[in-house]
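Encoded as structure tokens, the structure appears first; notes follow it.
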Amino acid sequence: MSLLDLPARELLDRFASAEPTPGGGSASALAGALAASLLAMVCALDRTRSGAAAEREQLDAAGKRMREAGERLRRLVDDDSAAYDAVVAAYRLPRTTEEEKAARKGAVSRAMACATEVPRETARTCLEVMRASVEAATHGNPNALSDARTAGALAWAGLLGAVENVRINLGPQPDASTLAELAAVVSEARASVAALGLAIG
């Protein structure tokens, strides 16, 4: 069963439990998915800021992207928990013989690569959501401005959480290109936060 098939109260209880999953990575994806859903609503409202046809087209396109991004982020809620569980399972493999040690090492490497890629995808998708939040705030119904800003704040939180998960899974010798990608994602996201007028300290 998908985590998102659970009633909201039970899902929150799962996050609050002593079990390691769902954890921060799944929470990050969930924040992004909620942001995408909010933006899909804002973009679907009949009224736009100016009523111009071009504005309607832009919001329709943004709404379509948010429905697609939302589906990815919903999947990533479960993918992140599964990736962590795979890492735990890999570390628990036997290592008595040289063959077992080699097999365990390969399994751990593959599991850690997946555990790094999942939050990377979450961060990238949350950035897409942040871009759309600016479009919705700029061109959407002025009465829904707070919804667009809330979506941006949720996506920002999801992005930062995902980035932290990537960093910790990279280990003590992180890949320089991945770090550069993360820095670029955070930098662009900060620009969206500023455009939305959100205070980030």
Side-chain angles (χ1 to χ4, degrees), residues 2-5 8 11 22 24-83 114 116-166 178 180-198 200:
S2 168
L3 287 166
L4 294 183
D5 288 334
L11 177 58
S26 291
S28 298
L30 181 59
L34 185 54
S37 294
L38 263 180
L39 289 174
M41 177 273 289
V42 174
C43 292
L45 295 176
D46 290 337
R47 180 184 172 189
T48 68
R49 181 167 292 276
S50 69
E55 206 164 50
R56 176 75 271 157
E57 291 176 5
Q58 186 169 356
L59 288 171
D60 287 345
K64 181 176 184 296
R65 294 198 309 274
M66 288 306 93
R67 289 188 292 275
E68 294 169 351
E71 286 302 315
R72 290 201 305 276
L73 287 160
R74 293 179 193 200
R75 170 178 54 79
L76 288 162
V77 171
D78 288 314
D79 287 354
D80 195 272
S81 290
C114 181
T116 301
E117 181 52 36
V118 169
R120 279 177 73 181
E121 185 177 356
T122 297
R124 290 191 293 259
T125 309
C126 282
L127 179 58
E128 292 180 36
V129 176
M130 294 199 72
R131 291 171 182 151
S133 69
V134 176
E135 292 182 76
T138 304
H139 303 292
N141 188 327
N143 294 328
L145 177 59
S146 63
D147 297 296
R149 285 177 168 165
T150 298
L154 285 166
W156 171 244
L159 184 149
L160 289 183
V163 166
E164 287 305 310
N165 276 267
V166 175
T178 301
E181 176 193 345
L182 294 179
V185 166
V186 172
S187 177
E188 183 176 344
R190 281 185 178 275
S192 293
V193 168
L196 287 167
L198 298 174
I200 59 173

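- Other residues, nucleotides and ligands contribute only 12 or fewer heavy atoms inside 6.0 Å of the CG atom of Asp46.
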For salt bridge (charged side-chain N to carboxylate O under 4.0 Å, His left out), just list the numbers for Arg65 and Glu135, CA-CA rounded to whole Å, side-chain angles, deciding distance to a tenth of an Å, and then say yes or no.
CA-CA 12 Å; Arg65 294 198 309 274; Glu135 292 182 76; 2.3 Å; yes
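- Between the side chain of Ser133 and the main chain of Met130, a donor-acceptor pair closer than 3.5 Å is present.
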Applying salt bridge (charged side-chain N to carboxylate O under 4.0 Å, His left out) to Arg124 and Glu188, what does each step give before you reach the verdict?
CA-CA 11 Å; Arg124 290 191 293 259; Glu188 183 176 344; over 6 Å; no
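- Between Trp156 and Val186 the shortest heavy-atom distance is CZ3-O, 4.1 Å.
- For the pair Ala137 and Arg49, the tightest heavy-atom approach, listed with the atom from each and the gap, is O-NH2, 3.1 Å.
- Ser28 and Gly158 make their closest contact through CB-O, 3.3 Å (heavy atoms, listed as atom of the first residue, atom of the second, distance).
- Counting all heavy atoms, side chain and backbone alike, Ala151 lies closest to Ala35 at O-CB, 3.2 Å.
- Ala144 approaches Leu45 most closely through the heavy-atom pair CB-CD1, 3.7 Å.
- The side-chain contact (heavy atoms from CB on, under 4.5 Å) test with Leu76 is passed by exactly one of Asp79, Asp80, Asp78: Asp79.
- A salt bridge is defined here as a Lys NZ or Arg NE, NH1 or NH2 lying under 4.0 Å from an Asp or Glu carboxylate O, and Glu68 with Lys64 meets this definition.
- A salt bridge links Arg75 and Glu121; the closest N-O separation between the charged side-chain nitrogens and carboxylate oxygens is under 4.0 Å.
- In plain terms, the two heavy atoms of Arg149 and Leu196 that are nearest each other are NE-O, 2.9 Å.
- Among Val77, Thr122, Leu11, the single residue meeting the side-chain contact (heavy atoms from CB on, under 4.5 Å) criterion with Ser26 is Val77.
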